[in-house]
Every structure is written in structure tokens, then in C-alpha cells.
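What follows is a single structure, written as C-alpha cells, with notes after it.
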Amino acid sequence: MIQKEFYLKDDVVQIAKDLLGKELVTNSNGKISSGSIVETEAYAGIIDKASHAYGGKFTKRTQTMYLEGGTTYVYLCYGIHSLFNIVTNKSGIPHAVLIRAVQPLKGIDTMFERRPESKSERNLANGPGSLSKALGIKTIHNELQLDSKQIWLEEGLKIKNEKIIASPRVGVAYAKEDALLPYRFRIKDNPFCSLAK
DNA sequence: CAGCAGATTGACT
DNA sequence: GTCAATCTGCTGC
């Protein structure tokens with residue numbers, strides 16, 4: 001299990017990189033499933049136009065991002081998809097890392113049951129909405145601690161720096177100049193990354 | 001209070 | 001390639 005100190009660091013971009021290769025485990029409805037994180041995006045709080053908390057915006061939805069690092073932030077996108085984020089930094093600073101894709105490890109049968117539309121392991125959790133559904137993450141999992149019995153992270157694999165690809169984030173064109181920041185991180189040559197360009 | 005756009009995905013033309 | 005699904009929050013009447 002990852003120690004809480006890991007999430008409290010003040011460099012959200014570094015944490016986004018460090019999260020690659022770690023194992024995300026959920027225990028939803030009594031069924032355990034997990035995947036190795038292969039793609040993340042950093043959202044740097046009030047100075048980042050792509051972040052929900054840009055400019056210190058505080059709503060019922062975004063209040064979760066202001067909590068202490070190591071808290072889960074799950075929100076509904078397009079009214080349909082639960083997107084899973086990990087809050088970082090100290091309480092009061094709204095930093096978060098979006099988990100965009102995982103490579104299925106444990107409970108793969110359970111994941112297929114949750115996503116009958118998926119045809120292969122490759123597209124079981126290769127997107128932020130897909131991964132949440134595959135692991136059974138819903139908005140009721142918002143504001144949980146990552147050391148709870150329902151959702152947590154394991155150390156997993158160590159990813160070398162040269163295996164990490166940095167690129168602009170996806171679907172945030174409205175963020176103007178901040179949309180170009182290389183805050184998206186992927187594992188090189190990993191086929192389980194999201195399809196997004 | 002109506003209208004619209006979004007950190008997306010899957011079904012259908 | 002195109003489009004509907006449908007919740008949250010912002011803008012403007």
C-alpha cells in the first residue's frame with residue numbers, strides 16, 4: 001500500500017509521473033479487481049485553466065479537490081461517465097491527477113461483467129470513463145481515502161524515465177495556452193493506453 | 001429559469 | 001464519420 005506521504009508532495013506533475021506503473025485496486029460489491037496505471041494527467045489547481053478549480057473556483061463538485069492529498073475525486077462527465085482522480089498536495093490546495101487508463105491485472109472476469117460491451121482486455125479500461133466502469137468506480141466513491149478498504153494503490157512496477165512519454169492533455173482545448181502544457185503521461189509502447197490523440 | 005458545453009463513450013449511418 | 005446520452009455548473013435573459 002502506498003504511504004500517505006506520497007500524495008502530500010507539492011509537485012502534482014511529478015506525482016502524475018510516479019503513478020505510472022502503480023496498481024490501482026478496488027473492492028466494489030465484494031469483488032476485487034485491479035489494474036496497472038499506464039496513463040495519467042496532472043491538473044495543477046488554481047493556476048491551471050483546464051482544472052475545475054481554476055481561479056479558486058469552489059462548488060459542491062470541486063470542493064473535493066481542496067481536501068488533503070490521498071483522497072479520491074470522482075465526478076460525472078457528460079452526465080454519464082465517472083472520471084477517477086487522485087487528490088494531491090496539502091489540504092486547501094486543489095491539485096489532482098486524472099487516471100486515464102489502466103492495464104487489467106486482477107479480477108478481469110469481474111471487469112468484463114461490468115463492461116459487457118468490451119471485446120478484449122485491450123479496451124477494457126483504456127479510457128477515463130471505461131476504467132471507472134471496469135473497476136466499479138462510481139460517484140459514490142467520491143471523497144474516500146486511498147487507504148480505505150474500498151479503493152487503494154499498491155507499489156506495482158517501477159517505470160524508467162525513458163519509458164515515460166509526456167504530451168498535451170486531452171479534451172481541454174477550451175483551456176487556451178494551458179491546453180498545451182505537457183501534463184499527460186503515458187508508458188511508451190503500452191497497448192493499454194487510451195485511444196485519444 | 002432556460003440554454004449550453006464539458007477532463008467521454010458506444011451505437012449507428 | 002456522426003451523434004445521442006444526460007448531470008453539473010456557468011451565462012444571460
Side-chain angles (χ1 to χ4, degrees), chain A residues 7 12-13 15-17 19-20 24 33 35 37-67 69 71-89 93-104 111-144 146 151 165-187 191-197:
Chain A
Y7 308 107
V12 64
V13 174
I15 294 175
K17 279 195 260 186
L19 281 172
L20 292 174
L24 174 62
S33 50
I37 297 173
V38 296
E39 184 171 348
T40 65
E41 282 181 11
Y43 285 86
I46 62 173
I47 58 161
D48 182 357
K49 288 184 182 170
S51 169
H52 291 156
Y54 173 63
K57 190 162 55 181
F58 191 92
T59 66
K60 193 178 180 189
R61 182 176 70 168
T62 65
Q63 64 174 343
T64 306
M65 297 179 82
Y66 293 83
L67 299 176
T71 306
T72 61
Y73 171 42
V74 182
Y75 85 98
L76 211 54
C77 185
Y78 294 96
I80 305 173
H81 306 289
S82 303
L83 268 56
F84 174 71
N85 299 249
I86 294 174
V87 176
T88 70
N89 216 313
I93 302 175
H95 285 186
V97 176
L98 169 70
I99 309 301
R100 287 193 57 88
V102 303
Q103 174 177 342
M111 293 193 220
F112 273 116
E113 283 170 27
R114 293 185 181 125
R115 295 197 71 231
E117 63 273 28
S118 176
K119 296 283 189 291
S120 70
E121 276 184 45
R122 272 179 84 116
N123 64 1
L124 199 48
N126 66 333
S130 309
L131 137 194
S132 299
K133 198 173 176 194
L135 293 175
I137 298 172
K138 308 196 193 70
T139 50
I140 54 167
H141 298 279
N142 190 33
E143 282 189 27
L144 291 177
L146 280 171
I151 184 163
I165 300 174
S167 59
R169 290 170 293 187
V170 177
V172 295
Y174 61 89
K176 303 279 176 63
E177 67 272 20
D178 287 345
L180 300 174
L181 292 171
Y183 279 5
R184 176 194 188 194
F185 302 101
R186 279 176 290 170
I187 296 178
F192 294 90
C193 287
S194 76
L195 302 172
K197 287 171 276 302

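Treat the numbers as computed from the prediction; the structure is a model and nothing was measured. Reminder, nothing fancy here: chain letters follow the sequence lines and each chain counts from 1.
If you measure from atom CZ of A:R169 to atom C1' of B:dG6, you get 14 Å, rounded to the nearest angstrom. As rounded to whole Å, 13 Å separates atom P of C:dT8 from atom CD of A:Q63. If you take CZ of A:R100 and C1' of B:dT9, they are 12 Å apart, rounded to a whole angstrom.
Heavy-atom contacts from other residues, nucleotides or ligands closer than 6.0 Å to CD1 of A:I47 number 12 or fewer.
Between A:E117 and A:L83, it is A:L83 whose nearest contact on DNA chain B lies nearer the 5' terminus.
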Enumerate the protein-to-nucleotides 1-7 of chain C contacts in which both atoms are nitrogen or oxygen and the separation is below 3.5 Å.
| from | atom 1 | to | atom 2 | distance (Å) |
| --- | --- | --- | --- | --- |
| C:dT6 | O2 | A:Y78 | O | 3.0 |

Listed pairs, N/O of protein and of nucleotides 9-12 of chain C, under 3.5 Å:
| from | atom 1 | to | atom 2 | distance (Å) |
| --- | --- | --- | --- | --- |
| C:dG9 | OP1 | A:T59 | OG1 | 3.1 |
| C:dG9 | OP1 | A:R61 | N | 2.6 |

I'd like to know whether A:L24 forms a side chain to side chain contact (heavy atoms under 4.5 Å, CB included) with A:F84, so could you lay out the CA-CA distance, the side-chain angles of the two residues, the decisive distance to 0.1 Å, and finally the verdict.
CA-CA 11 Å; A:L24 174 62; A:F84 174 71; 3.8 Å; yes
Walk me through it: do A:S33 and A:E113 pass the test side chain to side chain contact (heavy atoms under 4.5 Å, CB included)?
CA-CA 12 Å; A:S33 50; A:E113 283 170 27; over 6 Å; no
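Separation of atoms CZ (A:F185) and CD1 (A:I165) is listed at 11.5 Å; rounding is to 0.5 Å. Here CD1 of A:I151 is found 7.5 Å from CG of A:L135. Values are rounded to the nearest 0.5 Å. Within the model, atoms OH of A:Y43 and NZ of A:K49 stand 15.5 Å from one another, a figure rounded to the nearest 0.5 Å.
Within the structure, side chain to side chain donor-acceptor pair (under 3.5 Å) contacts touching residues 71-81 of chain A (residues at least two apart or in different chains) are A:H52-A:Y73, A:T71-A:Q145.
Residues meeting the salt bridge (charged side-chain N to carboxylate O under 4.0 Å, His left out) test with A:K138, sequence neighbours left out: none. Legend: residues meeting salt bridge (charged side-chain N to carboxylate O under 4.0 Å, His left out) with A:K17, ordered by chain and number and at least two apart, are absent. Judged as a side-chain hydrogen bond (donor to acceptor under 3.5 Å, both in side chains), and not counting sequence neighbours, A:Y7 has no contacts. Remark: A:Q63 engages no residue in a side-chain hydrogen bond (donor to acceptor under 3.5 Å, both in side chains) (not counting sequence neighbours). For A:L76, the side-chain contact (heavy atoms from CB on, under 4.5 Å) test picks out A:S82, A:T139, with sequence neighbours left out.
Heavy-atom distances under 4.0 Å link DNA chain B to A:Y43 of residues 37-48 of chain A, given in residue order. For the segment residues 130-141 of chain A, the set of residues with a heavy atom within less than 4.0 Å of an atom of DNA chain B comprises A:S130, in numerical order.
Within the 3.5 Å criterion, the main-chain N or O of A:S132 finds no donor-acceptor partner in the side chain of A:H141. Remark: side-chain polar atoms of A:R169 are paired, donor with acceptor, to backbone N or O of A:A42 under 3.5 angstrom.
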Show me the donor-acceptor pairs, under 3.5 Å and distance only, between side chains in residues 121-131 of chain A and residues at least two apart or in other chains.
| from | atom 1 | to | atom 2 | distance (Å) |
| --- | --- | --- | --- | --- |
| A:N123 | OD1 | A:S118 | OG | 2.8 |
| A:N123 | OD1 | A:S120 | N | 3.2 |

Bracket notation of DNA chain B in which parentheses pair within the strand, [ ] cross earlier pairs, and | pairs with another strand (Watson-Crick or G-U, under 3.5 Å)
||||||.|||||.
